[in-house]
2 protein chains.
Amino acid sequence: MMASTGQQADERDILSRLRFAILSLDLVPGEAVSERALEAQFQVSRTPIREALFHLVRDGLVVRDGRSYAIAPFDMAEIDEVFAFRDIVEPAAVRLAAKLATPEQIAAIRHSMNFSHEEFTPERWLEMGLDFHVRCAALSRNRCLETALQDVTLRTLRARWLSFASEEGRATTHREHSAILNLIEARDAEGAARAVLAHSASVRLEVRDAIENARLFMGRRGIVGE
Amino acid sequence: MMASTGQQADERDILSRLRFAILSLDLVPGEAVSERALEAQFQVSRTPIREALFHLVRDGLVVRDGRSYAIAPFDMAEIDEVFAFRDIVEPAAVRLAAKLATPEQIAAIRHSMNFSHEEFTPERWLEMGLDFHVRCAALSRNRCLETALQDVTLRTLRARWLSFASEEGRATTHREHSAILNLIEARDAEGAARAVLAHSASVRLEVRDAIENARLFMGRRGIVGE
DNA sequence: AATGCCGGATTGGTATACCAATTTCTCGGG
DNA sequence: CCCGAGAAATTGGTATACCAATCCGGCATT
């Protein structure tokens, strides 16, 4: 069946618990799930399970085929689309951010960035939810940009989770994020846009590697596309 | 209480019925709603009502303040953000569309466009749901672009509904849409991008006008922002 | 042995019952 | 007349019961 994660009734809400189970590959990509099985596993009734599943479908971690649910497989094609999309939207977002961000906002991002980097635990990294890119997008003062980036960021959540397993990957990310933030602070819109594109390209490669490495752990159904 | 729309139990699913009630201003922007009141009005149990409300919150037609629901007021600031976002994303989408669209896809869009224009009924226009912009975005073969445009299009749904009350507004829209589609067909990526921007600007003005005109019908809570 | 049909088990969708928290109303004291 | 305390009603959140559709397996027939 499944491992240790979700048996005793945590305090955390069911959405977080389910998401964690998916991200940690406790629930296998490509595998079918049913509301009732989850109800039994997580010891909550179907109503909140259903609600959580809605969110997870929306976030792309669960897919529906007709009436039945399945854990979303890794979709290489989708990942390419996500990064292509980000390359359109994120440069525009940081250009605006470079114009509009206040020093306080920048400091706040830098603080939580360092905080979560120095004392890294999967739960914290996940709980904080809004990550760097979403918070930068928020600096653009355009909620559409912010939520679009958030949606799209969520779709690579599992892959990033995989690639964040190594301290090295985290360090690279932290360095590039710092650089972007500095450029925003310096009001260098074009520089920030370029840095974002470069960062995107490197993360894209990392993510694809991480999935390839995880390929062995997953059945043929676990990875699709391309 | 409320007008004629939703009393007898239609066949249509509750999400459509609720959305229609909101779009037609049967449910007043800014007004509080409760699951139980809707349950009584629409003669379905709270479970599907909750589900529908979840979708409507996601689409921006309903807002949550703490635990309670309210019909989303028109938000002028949000509308500006929506159009700013579209001006970033849509040109990129049609550029890709101009590269990738097949003649069949273009013909399909043109057909349903003319179809829904010639024999216009509010229900059909609404039911078809995916409208021109979303379908064009789909031509980019990037699902992120498609869903981002869809999300953002939904957020101006009520405003466009208002502006589509006049045959004149519909005709203008139809003409501009045709022009964009022709440019895509001609593989003129830059021309299509320019046409989209021009169209966006004109629609933006139309939409703001429509809301201003509707201002009188709505209480102070019905319009916020700016 | 292969196939097709039937029945039970499982599924998601819906209705309803129950609860705790919040809001609203009322009524008494100042 | 105003204000506040407490009770009653209303709210969203959750659990559960019920239903119809679907899926699956086994048995009978060929």
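Just so it is clear: chains get the letters A, B, ... in the order the sequence lines come, proteins before strands, and each one is counted from 1. Every heavy atom of this structure was used, including side-chain atoms; hydrogens, water molecules and symmetry mates were not.
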May I ask you to decide whether E167(B) forms a salt bridge with R170(B), counting only side-chain N to carboxylate O separations under 4.0 Å?
-> yes
Answer yes or no: is there an ion pair linking R50(B) with E35(B), defined by an N-O contact shorter than 4.0 Å?
-> yes
Check P29(B) against M218(B) and note the closest heavy-atom contact, atom names and distance.
-> CG-SD, 3.5 Å
Grab the [atom1]-[atom2] distance between [X] and [N] for me, whole Å please.
X: L53(B); N: dG12(D); atom1: CG; atom2: C1'; result: 11 Å
X: R50(A); N: dG12(C); atom1: CZ; atom2: C1'; result: 6 Å
X: D13(A); N: dG12(D); atom1: CG; atom2: C1'; result: 16 Å
X: Y69(A); N: dT10(C); atom1: OH; atom2: C1'; result: 14 Å
X: E51(A); N: dA15(D); atom1: CD; atom2: C1'; result: 14 Å
X: I49(A); N: dG12(C); atom1: CD1; atom2: C1'; result: 14 Å
X: L15(A); N: dG13(D); atom1: CG; atom2: C1'; result: 15 Å
X: Q43(B); N: dT14(C); atom1: CD; atom2: C1'; result: 14 Å

Distance check: side-chain N/O of S45(A) vs OP1/OP2 of dA15(D), anything under 4.0 Å?
-> yes
So, is R46(A) close to the dG13(D) phosphate, meaning a side-chain N or O under 4.0 Å from OP1 or OP2?
-> no
Can you list, by residue number, the residues of residues 29-37 of chain B that have a non-hydrogen atom closer than 4.0 angstrom to DNA chain D?
-> V33(B), S34(B), E35(B), R36(B)
Using distance alone, with no hydrogens and no angle criterion, decide if S112(A) and R135(A) have a side-chain donor and acceptor under 3.5 Å apart.
-> yes
Could you tell me whether the side chains of D13(A) and S16(A) share a donor-acceptor contact shorter than 3.5 Å?
-> yes
Give me the one residue out of H177(A), H111(A), H174(A) that meets ring pair (Phe, Tyr, Trp, His ring centres under 6.0 Å) with F132(A).
-> H177(A)
Which nucleotide in dA15(D), dA21(C), dG12(C) has an atom nearest any side-chain atom of R67(B) = dA21(C)
Picking from dG12(D), dG12(C), dT14(C), which would you name as closest to the side chain of R64(B)?
-> dG12(D)
Taking the side chain as every heavy atom from C-beta outward, state whether I79(B) and I211(B) have any atom pair closer than 4.5 Å.
-> yes
